[in-house]
Amino acid sequence: MTDTQDKSTESTIYQLWEKQGLFKTDPDSTKPSYSLLMPPPNLTGELHLGHAMQHAIMDAIARFKRMQGFDVLLLPGVDHAGIQFEGTFNKLLAKEDLSKQKLGREEWLKRAEVFREENYQSFHKTWTVFGLSADWSKEVYTLEPKVQKAVFAEFETFWEQDLLYKGAYIVQWCPKCGTAIEDLEMEYQERKEKLYFVKYRVIAKDVDRHASARDDDDDQEYITVATARPETIYADTGIAIYPKHPKFSKLVGKTAINPLTGNLIPIFEDPRVDKEFGTGALKITPGHDLLDYEIGKEHSLPILHVIDKKGRMTNLAPLLEGLKIDEAREKTVQLLETKTAIAESKEFAHSVPVCERCKTTVEPLISEEWFIKMEPLAKKALKHIGQIKFYPGNYNKILSDWLENIHDWCISRSLWWGIRIPVWYCQKCNPNHLVGKDKDMVVSKEEPGKTCQSCSEKHWVQDEQIFDAWFSSGMWPLATLGWPENTPELQRYYPWDFELTSPEIKFLWIARMIMLSLWFEDKIPFKNMFFHGMLRDLQGRKFSKSLGNGINPGELRDQWGTDSTRMALYSYSVPGRDAKASRQTMDERCKNFRNFGTKLKNIYRFTMELKPEVLGMPTSAPQSDVIARSQLAEKQSHADDKLILNQLNNVVLGVTKNLEDFNLHLALDEIYEFIWHQLADVYIEKSKARRAQAQPCLEQVLEICLKLLHPFMPFTTEELWQKIPHTEKSIMLAKWPIAR
RNA sequence: GGACUUGUAGCUCAGUUGGUUAGAGCGUUUCAUUCACAUUGAAAAGGUCAGAGGUUCAAGUCCUCUUAAGUCCACCA
């Protein structure tokens, strides 16, 4: 059979399943429910090998549970992926010489929607092509009204519970993305940079600055600080030394002169200054450093800004205004040198935070943002996290440790692609968009119909910012089921039985889902949480576009077929284990399972197409349940039959157990070994001598094998199922075999 | 600095609660072939299970230490 025929067979089979509604839930039945929540892929780029593995695992479990007699909900969805989508899309726009600014919010959103739709179509195709048996009628998208409604309820509840606050705080800012980001969205790059030792002149606190400004005085005192960022000196508002500094402690209470601005800045002690680093004195720049911000706050230092949100110098540095940071740094050093303020400089290595998405250096700066107080949520999560079964188990500890150490969550982003913050301000009475319970603002999804309480007029403007995408995807377990309404789906399918994801987003997503779900619905979001390993290249690096080391799952499928590709992926699906893969190792495994598929087809051919003519086609229904099988075993007295049925019985036991425990790789090993080496190599070979007698047993074993394999190889097993005597229209409707 | 994970055949990886001669796939070598299947079959070579110590009748598996690699968290003036 040629590849094209294979593919058209697969697509015919997929359509057959869909047409018969086999992916749909059966909520009115008396069956127990089993729910699986697909991690929604980001709507950027194409699906990669990791996605293919996730989908393959989810689908196998869904199919297994259906055959076991559960009413299965496998709910698919996609994520709008705020910052990532916006970055990707803006890059595309730049190629057409367009930008957000040029287009304006409305037109930009229109075009973004078109781009979204294109990505979505490509996603959907890949999904169906891999045989995913999801209930497409229940598909959810994180920007659709259903989710928006849940997110609004989420925000409103937090507001009412006094867990929300908005204000100017120091945040990690990505100048390129133009938004605040979280610690979790940053990574670090090792860089060799220069560490400058800068001298600040010290004067007595009460001495008139003018009087002390004579620089020809030899008795001048200096305090030297080490900095890698001399350009921020403009915004220095203090100098801190560690307590009881042998050299500098006598300067405490005195005043230093900022060498660039001439501002007078206090010198004081603070225990957070590292004794070992530099001179033991730290320049304090509350506007551009997290620690400095904290120290500055305690010592009531003013906050100055010398770097703006575009990563350029402000007019606080008049000579450098508008310059980028690297240029400004160079110029600042020159300026300081002319003032002989640099005592020395040396190379040193440190890691610099960059934006995980665009690799731009992150600038800590002050910005108006929204935050949630997370402590009560984390505490509640910690109380109940033990009810979730993690695969592998140590993720309970990893997540708990993080929850123990929770920080407030900055949920606002200065982007356009996402759910806009549902807060309206009276333009007239509240032009600065301040937030307070009784101020001139309203929490509302739509433009408020009522008038402002202060001015009795209607001049509402909505908050410009949107929510962090994790603020909505954190609600995924609830929003997908129609929360905040108490829907029948919510009652039936929540908590989810199974969830899986990559360990990369354990805090960003999984921890958030646990906290939010417990907070709003008082129940854990999922009973089983499966973390698959990361697929990496042979050098152990992540797959990435920039490295060009990615493996396209579609190409594997085109070459080896869907079932073979799925099987290859299962062999890498051990929970929590990273694995190294290349196109070659994937090809090797795919080839192996393609051969296995061929073996299976040949077993079918031998059994059904080349059966001895003396045997008529069986008229009775296939016997696959436990009673029929044991009857058969008794009736057939031949030792070979007994042996193979016993072996098969053990395989049924093992495969079932391993699937229950989500050990897909072990389940596969077992069934592979049985079919190839026990059934084909031994039993079938021996049966040739007594073919007619062995026929019923052969048919029986084949049928059970198809069922056992169906979760893993849905297409091949369906194709063969249709060719053997069967009562159920599809193997998807067949009952999972039960061991004696 | 803190936590976690890994080190098993040439390569990529399995090995559930400790139980005979340590497994798979690919690769390598030899032989077979009118057979359901060359997308095959039979066989072979290849491992001090990172190292050391301990517990045990018994350790790849449990404990301690050493070592190497990786991941995550915190910090990086």
Side-chain angles (χ1 to χ4, degrees), chain A residues 1 183-184 187-188 190-191 193 195-198 225-230 232-233 236 239-240 272-274 276-285 288-292 295 348-353 392-395 397-402 404-405 407 503-504 506-507 533-536 538-542 560-561 564 567-568 571-574 576-582 584-611 654 657-658 661 663 665-666 668-670 672-673 676-677 680-681 684-685 687-688 691 698:
Chain A
M1 192 185 274
D183 295 355
L184 292 170
E187 56 188 38
Y188 288 85
E190 277 291 323
R191 275 190 211 157
E193 289 188 332
L195 186 65
Y196 299 95
F197 289 77
V198 182
V225 302
T227 180
R229 306 204 55 187
T232 63
I233 288 176
D236 281 3
I239 290 179
R272 283 164 285 192
V273 180
D274 187 348
E276 309 300 324
F277 195 91
T279 61
L282 174 65
K283 73 187 202 63
I284 303 297
T285 322
H288 299 292
D289 184 279
L290 249 64
L291 177 64
D292 293 7
I295 293 177
F348 88 122
H350 65 154
S351 28
V352 179
N394 63 320
Y395 274 79
K397 180 175 158 48
I398 292 175
L399 287 170
S400 297
D401 287 352
W402 187 78
E404 300 270 6
N405 228 324
H407 296 294
E504 267 185 315
K506 55 187 175 298
F507 303 135
M534 301 269 295
L535 290 175
R536 300 169 179 282
L538 290 182
Q539 282 119 62
R541 300 173 305 179
K542 273 192 222 174
W560 304 105
S564 311
M567 295 285 269
S571 68
Y572 277 117
S573 73
V574 186
R577 291 269 177 103
D578 289 4
K580 283 179 264 184
S582 64
Q584 194 194 327
T585 65
M586 286 309 297
D587 279 341
E588 281 168 11
R589 292 196 182 206
C590 287
K591 179 181 167 192
N592 174 224
F593 289 112
R594 191 268 325 258
N595 293 355
F596 178 68
T598 309
K599 179 61 85 173
L600 188 69
K601 283 181 189 168
N602 274 302
I603 291 171
Y604 154 77
R605 273 189 63 195
F606 176 81
T607 307
M608 303 309 298
E609 288 182 4
L610 303 171
K611 76 167 84 174
K657 171 81 167 56
N658 280 320
D661 295 339
N663 283 320
H665 63 296
L666 295 181
L668 267 184
D669 271 1
E670 223 165 334
Y672 177 98
E673 162 71 19
W676 202 315
H677 302 299
D681 290 349
I684 288 185
E685 287 307 319
S687 78
K688 286 172 186 170
R691 180 59 203 274
L698 263 174

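- The pairing partner recorded for U71(B) is A3(B), the criterion being a Watson-Crick or G-U wobble arrangement whose two distances lie under 3.5 angstrom.
- Taking atom CG of Asp292(A) as the reference point, atom C1' of C75(B) lies 14 Å away to the nearest angstrom.
- When distances are taken from the side chain of Ala579(A) to each of C4(B), C13(B), G41(B), the shortest belongs to C13(B).
- Put simply, Arg691(A) has no side-chain N or O that comes within less than 4.0 Å of OP1 or OP2 on C35(B).
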(Q) Within the 4.0 Å limit for protein heavy atoms, which parts of nucleotides 21-28 of chain B are touched? Write it as a string from 5' to 3', B for base, S for sugar-phosphate only, - for none. (A) ----SSS-
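- In this structure, Trp402(A) does not reach the A3(B) phosphate: none of its side-chain N or O atoms is under 4.0 Å from OP1 or OP2.
- In this structure, CG in Leu610(A) is found 9.5 Å from OH in Tyr604(A), a value given to the nearest 0.5 Å.
- Here A36(B) is the nucleotide among U71(B), G41(B), A36(B) with the atom lying nearest to any side-chain atom of Phe606(A).
- Across the protein-nucleic acid pair, Glu187(A) atom CD and C72(B) atom C1' stand 13 Å apart, rounded to whole Å.
- For the atom pair NE2 of His288(A) and OG1 of Thr232(A), the computed distance is 7.5 Å after rounding to the nearest 0.5 Å.
- Between U12(B), A36(B), C4(B), one nucleotide has an atom nearer to the side chain of Asn394(A) than all others, and that is C4(B).
- Side-chain atoms of Tyr672(A) and Ser571(A), non-hydrogen and from C-beta on, never get closer than 4.5 Å to each other.
- A50(B) and U66(B) make up a base pair, with Watson-Crick or G-U wobble contacts both under 3.5 Å.
- Remark: C26(B) base-pairs with G10(B); criterion is Watson-Crick or G-U wobble with both hydrogen-bond distances under 3.5 Å.
- Every residue two or more places apart in sequence or in another chain was checked for a salt bridge (charged side-chain N to carboxylate O under 4.0 Å, His left out) with Arg577(A), and none qualifies.
- Enclosure of atom CD in Gln584(A) is not indicated, since only 12 or fewer non-hydrogen atoms of other residues, nucleotides or ligands lie within 6.0 angstrom.
- Evaluation of atom-type donor-acceptor distances gives a pair under 3.5 Å for the side chain of Ser351(A) against the base of C76(B).
- Of the candidate nucleotides A3(B), C13(B), A36(B), A36(B) has the atom nearest to the side chain of Arg605(A).
- Side-chain to base pairing of Glu685(A) with C37(B): one donor and one acceptor N or O lie within less than 3.5 Å of each other.
- Ile284(A) comes within 4.0 angstrom of nothing in the nucleic acid, heavy atoms only.
- Pair check for A32(B) finds U40(B); Watson-Crick or G-U wobble, both atom distances under 3.5 Å.
- For Phe507(A), whose side chain is taken as the heavy atoms from C-beta onward, the closest listed nucleotide among A36(B), C76(B), C72(B) is C72(B).
- Remark: Glu504(A) engages Lys542(A) in a salt bridge (charged side-chain N to carboxylate O under 4.0 Å, His left out) (not counting sequence neighbours).
- Rounded to whole angstrom, the span from the CD atom of Glu504(A) across to the C1' atom of U71(B) amounts to 11 Å.
- Using the Watson-Crick or G-U wobble rule with both distances under 3.5 Å, U56(B) pairs with nothing in any strand shown.
- In this entry the distance linking NZ of Lys601(A) with P of A36(B) reads 19 Å, nearest Å.
- The side chain of Lys599(A) has A36(B) as its nearest neighbour among U71(B), A3(B), A36(B).
- Of the candidate nucleotides G41(B), C13(B), A36(B), G41(B) has the atom nearest to the side chain of Asp681(A).
- Counting atom types as modelled, Thr598(A) pairs a side-chain N or O with a base atom of U39(B) as donor and acceptor under 3.5 Å.
- Nucleotide U17(B) has no partner under the Watson-Crick or G-U criteria, as no pair reaches both atom distances under 3.5 Å.
- For A14(B), the OP1/OP2 oxygens have a side-chain nitrogen or oxygen of Arg577(A) closer than 4.0 Å.
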